[in-house]
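In what follows, every chain begins at residue 1, and chains take the letters A, B, ... in the order their sequences are listed.
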Number of protein chains: 2
Amino acid sequence: MKYSSSKENYLKAIYHLQGESKMVSTNSLAASLQARPASVTDMLKKLKKEKLLHYEPYLGFRLNQEGKKVALQIIRKHRLWEYFLVKKLHFGWDEVHEMAEELEHLTSTRLIDRLDRFLEFPQMDPHGDPIPDANGKLSQLKQTSLLNLPFNRAFTVSGVSGQSQEMLEWLGQKNIRIGTRLEVRNKLPFDNSVEIKIKNQLPVTLSEQVAKNILVHE
Amino acid sequence: MKYSSSKENYLKAIYHLQGESKMVSTNSLAASLQARPASVTDMLKKLKKEKLLHYEPYLGFRLNQEGKKVALQIIRKHRLWEYFLVKKLHFGWDEVHEMAEELEHLTSTRLIDRLDRFLEFPQMDPHGDPIPDANGKLSQLKQTSLLNLPFNRAFTVSGVSGQSQEMLEWLGQKNIRIGTRLEVRNKLPFDNSVEIKIKNQLPVTLSEQVAKNILVHE
DNA sequence: ATAATTATTTAGGCTAATCTAAAAAAATAT
DNA sequence: ATATTTTTTTAGATTAGCCTAAATAATTAT
Ligand SMILES: [Mn+2]
Ligand SMILES: [Mn+2]
Ligand SMILES: [Mn+2]
Ligand SMILES: [Mn+2]
């Protein structure tokens, strides 16, 4: 089973769009891949013929077991390479996504397994996302968004969703990264923005948009 | 300037075939790329249009300055990744070529320069071939083939050309690798095979074919 | 010098991955 | 229930990279 980079990108994007077996729409996939809906329809037919997803014209589609398995291997490669780039080559967490977008398509399984060992089997990528193991198993850590936190209790940042280059950079400047300990001081009722405190630092106010994207655990 | 993997493979193959600005023929390039001569002609037209080589139909072709520059960057990436695979991921020197064949097409220059630094600027790849620097400069080390050696003087293996998977493996078994010290004991006049001696090992006889491919320096 | 052989190019086709424009189906609004 | 809007699919084209078969040029042998 070897798939083109393009097919792999489709599978990965579908995986991210379908949460727990929710149906995905042609337009949303087109948007997430920056492609035209007509191109998506073309590719869906091919992926269906290769038995990687369920697809009913006009109704939507979702990965089947095999499709998910393939998607998870690509995600594994993406995240392991991101970890390598940050931990070994000392790139910033806001710089690695594009490179990983290419590296994830390398075909050698032996290579990725050796890389995994070389990196000492990391559990999380630099953005706090879990790294699937060689069998595609994800270690689930229960995370909550900063938005739903009780006040004045310490939490650890364990992930950031959304992940625009700009946001990651900005968070970095405020010293908000994976592993940062913080507590929520207040939540402003008029715009849902959140005031947080990190030890030895001035308080920072985060908009609802940003707070929603920061994931923490105790 | 970004080129497809296919174009990069063409440029690299032409670079290896043309020694010092020697003309290359359509058939030899087709053979080295495992492609049909007609496909080579197609590609030559495109590479000529992109001003990467001189090409006169029926007469032959060779890379121009720009073409050589591009080829050397691909070779740099190939050899740095091979070094990484052997030194950091502990693959054997006979296992890394295929993987490097993919890795060499990654586009990020920042990535390869950081990798270079991470590896502490190696001069040679695992097969003893020199690694071009970021500007495409090759450090030339004068090597000779085992075939032309005087008897009973110690030399160091510094490279292996040819490089079939099988030969590399066989040499490995005989403890012949980059850095091995050896001396030639005898050269058999009837078939040009060569008898060599490595310290604390039984003598080994190498056919002319193999001896020719082993490069050494004092 | 001519014929035979070999090397190279041309002509014409195929597939994967994209696109635009038009048609058709589904969802939404009146 | 119809009409309008939105979503999705179909039809038809394009480009890169490859192929086979046929034509042509260059080389080699007689
Ligand atoms: Mn990708
Ligand atoms: Mn990530
Ligand atoms: Mn290659
Ligand atoms: Mn090499």
If you compare every side-chain N and O of [X] against the phosphate oxygens of [N] (OP1, OP2), does one of them come in below 4.0 Å?
X	N	value
B:Lys45	C:dT9	no
B:Lys46	D:dA16	no
B:Ser6	D:dA16	no
B:Thr26	C:dT9	yes
A:Arg36	C:dT18	no
B:Thr41	C:dT10	no
A:Asn27	D:dT8	yes

Ring centroids only, cut at 6.0 angstrom: are B:Tyr10 and B:Phe61 within range, meaning strictly under it?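 Ring centroids of B:Tyr10 and B:Phe61 are no less than 6.0 Å from each other.
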Under 3.5 Å, is there a donor-acceptor pair linking the side chains of [X] and [Y]?
X	Y	result
A:His105	A:Asn9	yes
B:Asp191	B:Ser193	yes
A:Glu102	B:Thr107	yes
A:His97	A:His127	no

Residues of residues 51-63 of chain A with a heavy atom under 4.0 Å from any atom of DNA chain C, listed by number, are A:Tyr58
Which listed nucleotide ([options]) is nearest to the side chain of [X]?
X	options	answer
B:Ser39	D:dT8, D:dC19, D:dA11	D:dC19
A:Ala35	C:dT10, D:dC18, C:dC19	C:dC19
B:Lys7	D:dT9, D:dC18, D:dG17	D:dG17
B:Ala38	C:dA7, C:dT20, C:dT10	C:dT10

Euclidean distance, atom CG of residue B:Asp42 to atom P of D:dA21 [Å, nearest integer]: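 These atoms are roughly 16 Å apart.
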Quick one: do A:Glu104 and A:Lys12 make a salt bridge, cutoff under 4.0 Å? yes
